[in-house]
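Each remark here refers to the structure printed beneath this line.
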Number of protein chains: 2
Amino acid sequence: MTAPRRARPSKPATIKDVARALGISISTVSRAMRGFPEVNNETRQAVLRTAEELDYQPNQVALSLVTKHTHSIGVIVPNLDYFFATAVRGIDELAIEAGYTVLTCQSNESYGREITNTQRLVNSRVDGLIVSISSATSSLDHFRRLLQREVPMVFFDRVNADLEANKVMLHNYDGAVQAVSHLIEQGCRRIAYLAGPASLSISNQRKEGYLGTLRQHGLPVSDDFIVHCEFDREHAYRATLRLLDGAERPDAIFTVSDRIAIGALLALRERGVRVPDDIALVGFNDEPVASLLTPSLSSVAQPAFEMGRIAAQLFVEQMNSDEIRPYQTVVLKPTLMVRESSLRRR
Amino acid sequence: MTAPRRARPSKPATIKDVARALGISISTVSRAMRGFPEVNNETRQAVLRTAEELDYQPNQVALSLVTKHTHSIGVIVPNLDYFFATAVRGIDELAIEAGYTVLTCQSNESYGREITNTQRLVNSRVDGLIVSISSATSSLDHFRRLLQREVPMVFFDRVNADLEANKVMLHNYDGAVQAVSHLIEQGCRRIAYLAGPASLSISNQRKEGYLGTLRQHGLPVSDDFIVHCEFDREHAYRATLRLLDGAERPDAIFTVSDRIAIGALLALRERGVRVPDDIALVGFNDEPVASLLTPSLSSVAQPAFEMGRIAAQLFVEQMNSDEIRPYQTVVLKPTLMVRESSLRRR
DNA sequence: TTGTAGGCGTTATCAT
DNA sequence: ATGATAACGCCTACAA
């Protein structure tokens with residue numbers, strides 16, 4: 001009785017193995033593999049056949065060491081919720097077309113993890129980075145260092161104004177304007193804003209849009225109507241309860257994301273507040289869940305997939321041009337999806 | 001007027017730069033950096049300081065070429081929906097603890113993309129792969145080749161019985177048993193199964209559980225009550241309409257996933273079928289959306305995060321042991337979450 | 001304790 | 001048309 005044995009593992013064939021098998025030099029193999037015109041046709045055939053037989057695949061690691069390119073893009077996102085998963089698909093799609101492999105890491109909304117991810121990816125010599133900044137990120141030095149080295153970088157969605165780099169983002173201000181204008185049209189006058197972490201550009205840009213719209217319509221603004229909370233259903237739930245227990249009760253809530261809107265909805269349900277009659281509600285992101293809620297949730301849609309594609313597009317362009325090009329900021333248009341949660345029958 | 005100029009990009013420092021700056025050899029630097037005991041303390045200090053100043057980070061690509069290890073795991077998933085995103089987080093978490101970087105690729109349920117992803121990751125010399133098989137995958141040769149080379153591989157969720165490798169999966173049969181038994185308890189007798197693609201193990205294992213339970217209760221089984229469709233709301237919607245228009249109408253539907261259950265729910269709503277009174281409904285995966293639907297959706301929960309962690313655990317164990325170990329299959333327990341969609345008031 | 005030389009798999013340069 | 005050789009950045013003998 002012999003011990004169970006698996007097929008003997010064979011190390012991957014190298015260019016040397018192919019050369020030796022044919023009794024020729026590795027340079028010829030290299031040239032044949034890459035389709036250089038100068039190599040004799042019969043030689044080429046022989047090389048290709050032997051490579052096939054030996055299942056020879058060029059070692060990308062060795063190649064990268066020489067060329068300084070890995071044909072890979074490191075992507076760092078705070079999480080993989082619906083929005084980011086969709087954006088990553090967009091990045092992925094264009095990247096593949098352009099011959100790049102996408103390596104996705106999650107920072108988990110952690111500053112430390114973001115730094116670790118950044119460093120590991122860079123040390124693994126990805127050709128560059130596409131990043132959406134974590135909500136906990138307090139300093140941008142880890143990115144600045146790379147930008148200084150001209151490592152190609154594109155930021156998307158959660159960008160920072162101080163960073164000189166290519167960016168793709170939503171016109172967050174306009175998204176808020178659409179949402180709040182709509183609520184005002186529906187007769188709402190005391191509109192609250194359930195914001196995300198104060199550190200995030202998207203939180204604040206949407207806040208500006210919210211404030212601007214209120215002012216434009218001559219509506220009062222109050223700090224009590226602006227509540228910050230984490231991107232998390234539970235936090236949103238509690239924040240909403242605080243809002244309901246405040247001195248003045250709002251007649252509408254605009255939230256920075258659908259996930260937060262859901263937390264709000266649960267709180268409202270529990271308190272027996274009718275939506276939209278007592279309090280109208282508008283979310284942000286237009287996740288598929290929005291249309292499935294009862295009442296269905298009005299939400300500001302953003303083109304996540306396209307945002308990803310464009311980010312990858314900018315990245316590839318930056319890679320391919322050796323001249324120094326000015327940084328671009330692409331701003332995408334939001335679209336308000338009106339549903340039951342904000343439609344008042346009059 | 002001069003053209004705008006950015007700070008001059010500096011190439012990353014190499015071990016040579018550090019050595020040269022100190023007038024010592026690179027081997028000493030190498031040893032000092034890695035904390036070898038034999039190196040003189042003053043030398044070590046000097047090296048560390050200079051490395052810091054020059055911002056020297058070892059080039060992982062060069063390192064990999066020597067060591068044959070990249071300390072990275074390639075993960076291939078069909079998509080990044082809630083289940084897979086959660087599982088990837090689980091993989092990520094354990095991998096980071098163990099010092100690995102996770103590179104996630106989506107096959108987009110495409111056989112070709114799965115092959116491409118596999119090849120690219122392997123050519124980039126990831127240390128191994130953690131895979132959930134795409135629904136379109138028709139041959140497993142691309143994986144078999146790697147297994148033969150003893151490339152560490154772990155399959156999860158969508159596994160294949162013919163593959164000799166480590167696996168983590170749900171007890172799908174039991175999940176179906178729980179769901180169907182529950183429906184029978186609720187008085188349902190004509191229970192239909194809305195299955196996913198027939199090529200998938202999870203579809204079929206759940207089908208076996210469904211059939212087994214019906215037989216055990218002496219309930220008739222009928223092919224008309226088993227409908228396959230893509231993992232997609234739209235397909236599920238149409239499949240449900242077909243089901244409703246069949247000769248005999250079911251009084252319950254068990255679905256292979258929540259996404260499909262949602263498609264079914266929309267079809268039922270549109271036809272004015274009351275859930276659960278006319279037709280009870282049970283989904284699979286227990287996505288967060290399940291509890292938010294109206295009626296809230298009963299669903300078989302699976303520990304996605306834990307599944308990911310265990311997959312990574314198996315991977316790391318396989319990496320760290322040089323003896324040939326038998327392949328393991330870890331089977332996790334499902335839990336039925338009962339909600340309104342299947343609870344009949346009697 | 002430190003330095004030298006060879007090698008990892010590939011490409012590029014210069015010969016032949 | 002093909003081959004030899006240096007180089008990429010690092011590690012691991014082995015030598016000093």
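What you see is a predicted model, and the numbers here were worked out from it, not measured in a lab. Letters A, B, ... mirror the listed sequences (proteins, then strands); counts begin at 1.
- Between the side chains of Ser64(A) and Arg125(A), not a single donor N or O lies within less than 3.5 Å of an accepting N or O.
- Between Glu150(A) and Lys11(B), none of the side-chain N atoms (NZ, or NE/NH1/NH2) sits under 4.0 Å from a carboxylate O, so this pair counts as no salt bridge.
- A salt bridge links Arg149(B) and Asp55(A); the closest N-O separation between the charged side-chain nitrogens and carboxylate oxygens is under 4.0 Å.
- Between the side chain of Ser30(B) and the backbone N or O of Ile26(B) there is no donor-acceptor pair closer than 3.5 Å.
- Using a 4.0 Å heavy-atom cutoff across all strands shown, Ser64(B) reaches no nucleic acid atom at all.
- A 4.0 Å heavy-atom criterion places the boundary nucleotides of DNA chain D facing chain A at dA1(D) to dG9(D), written 5' to 3'.
- Checked for salt-bridge contact, Arg113(A) and Asp92(B) meet the test: a charged N lies under 4.0 Å from a carboxylate O.
- Checked against a 6.0 Å centroid threshold, the rings of Tyr100(A) and His69(A) do not count as neighbours.
- Between the side chain of Thr116(B) and the main chain of Gly112(B), a donor-acceptor pair closer than 3.5 Å is present.
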What does the B/S/- profile of nucleotides 9-16 of chain C look like, 5' to 3', with a 4.0 Å heavy-atom cutoff to protein? BBSSB---
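- Side chain of Ser132(B) to backbone of Phe156(B): a donor-acceptor contact under 3.5 angstrom is found.
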